[in-house]
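Worksheet: the structure to be examined is printed underneath.
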Amino acid sequence: QVQLVESGGGLVQAGGSLRLSCAASGRTFTNYAMAWFRQAPGKEREFVARISWSGSSTYYADSVKGRFTISRDNAKNTVYLQMNSLKPEDTAVYYCAADRTVVVHTTRHYYDYWGQGTQVTVSS
């Protein structure tokens with residue numbers, strides 16, 4: 001089992017920045033690629049970004065490319081999502097997730113463990 005706890009969400013104006021954190025505990029953190037997903041009200045949960053177990057490879061949804069950066073600190077068992085130039089359409093609950101495989105998965109059913117989510121609200 002892997003337990004994931006997100007933090008860092010909040011209310012920010014358009015154009016602002018936030019950094020989300022996801023702390024992992026349980027099984028060996030470096031066994032897992034990590035990802036961020038988000039879900040807006042009335043919408044499906046969508047992929048945002050993914051990082052390999054070593055941190056050497058990253059992958060982003062087109063909607064956030066160039067604005068968001070995913071990173072991880074394996075010594076701290078933590079993955080981050082730096083979000084810059086935020087837009088109202090970025091408003092959602094953001095979830096971190098863990099995947100035991102090395103294939104870049106962008107759909108939620110491939111992920112084994114999920115956090116409880118953190119709310120991000122961007123005002124216009």
Side-chain angles (χ1 to χ4, degrees):
Q1 286 283 347
V2 175
Q3 292 78 43
L4 302 173
V5 179
E6 302 96 334
S7 61
L11 173 64
V12 64
Q13 288 189 331
S17 298
L18 280 175
R19 188 176 83 152
L20 306 183
S21 299
C22 173
S25 61
R27 293 183 180 266
T28 305
F29 184 59
T30 51
N31 285 349
Y32 297 87
M34 299 296 295
W36 289 94
F37 285 73
R38 66 186 182 186
Q39 188 166 16
K43 295 189 176 182
E44 293 290 317
R45 193 170 298 187
E46 66 172 1
F47 171 82
V48 174
R50 176 185 167 105
I51 188 165
S52 63
W53 69 269
S54 66
S56 61
S57 297
T58 56
Y59 188 79
Y60 297 92
D62 288 344
S63 59
V64 306
K65 203 172 292 183
R67 300 188 298 122
F68 290 11
T69 302
I70 189 171
S71 62
R72 65 191 294 164
D73 185 337
N74 287 339
K76 296 182 178 180
N77 287 359
T78 301
V79 62
Y80 305 97
L81 185 68
Q82 178 66 44
M83 305 186 294
N84 298 330
S85 302
L86 282 161
K87 304 175 182 180
E89 51 263 44
D90 294 318
T91 295
V93 177
Y94 283 71
Y95 299 89
C96 69
D99 179 9
R100 289 174 291 182
T101 71
V102 298
V103 176
V104 176
H105 293 132
T106 61
T107 49
R108 59 182 296 184
H109 63 269
Y110 288 103
Y111 288 80
D112 305 291
Y113 302 103
W114 292 84
Q116 82 291 345
T118 187
Q119 176 71 47
V120 171
T121 303
V122 184
S123 63
S124 57

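The first residue of the sequence shown is numbered 1, and numbering continues consecutively from there.
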If you measure from the Lys or Arg side-chain nitrogens to the Asp or Glu carboxylate oxygens, is any gap between Lys65 and Asp62 under 4.0 Å? yes
When you group the ILVMFWY residues by side-chain heavy-atom contacts below 4.5 Å and let the links chain together, are [Y] and [X] in the same group?
| X | Y | value |
| --- | --- | --- |
| Tyr80 | Val2 | no |
| Tyr59 | Val48 | no |
| Val104 | Trp114 | yes |
| Met34 | Phe37 | no |

Atom [atom1] of [X] and atom [atom2] of [Y]: how far apart are they, to the nearest 0.5 Å?
| X | Y | atom1 | atom2 | value |
| --- | --- | --- | --- | --- |
| Phe68 | Arg38 | CZ | CZ | 5.5 Å |
| Ile70 | Ser52 | CD1 | OG | 9.5 Å |
| Ile51 | Cys96 | CD1 | SG | 12.5 Å |

Can you find a heavy atom in the side chain of [X] that is under 4.5 Å from one in the side chain of [Y]?
| X | Y | result |
| --- | --- | --- |
| Arg67 | Tyr60 | no |
| Val5 | Gln3 | no |
| Thr69 | Leu81 | no |
| Tyr94 | Met83 | yes |

Counting only heavy atoms not in Tyr110, do more than 12 fall under 6.0 Å of its OH? no
Verify, without hydrogens or angle tests, whether Thr78 (side chain) and Lys76 (backbone) share a donor-acceptor contact under 3.5 angstrom. yes
Check for a donor-acceptor pair, side chain of Asp90 on one end and backbone N or O of Val122 on the other, with a separation under 3.5 Å. no
Could you pull out the closest heavy-atom pair between [X] and [Y], with the gap in Å?
| X | Y | result |
| --- | --- | --- |
| Leu86 | Leu18 | CD1-N, 3.9 Å |
| Leu11 | Ser123 | CD1-CB, 4.4 Å |
| Glu6 | Gly117 | OE1-N, 2.9 Å |
| Pro88 | Ser124 | CG-CB, 3.8 Å |
| Thr106 | Phe47 | O-CB, 3.2 Å |
| Leu4 | Ala24 | CD2-CB, 3.6 Å |

Checking Arg45 against Tyr95: charged group under 6.0 Å from the ring centre and within 45 degrees of the axis? yes
Between Asp99 and Asp112, is a side-chain contact (heavy atoms from CB on, under 4.5 Å) present by the stated rule, with each step listed? CA-CA 6 Å; Asp99 179 9; Asp112 305 291; 4.1 Å; yes
Does a side chain donor of either Tyr32 or Arg72 reach within less than 3.5 Å of an acceptor in the other side chain? no
Parallel, tilted or perpendicular for Tyr111 and His105, by the 30°/60° rule? perpendicular
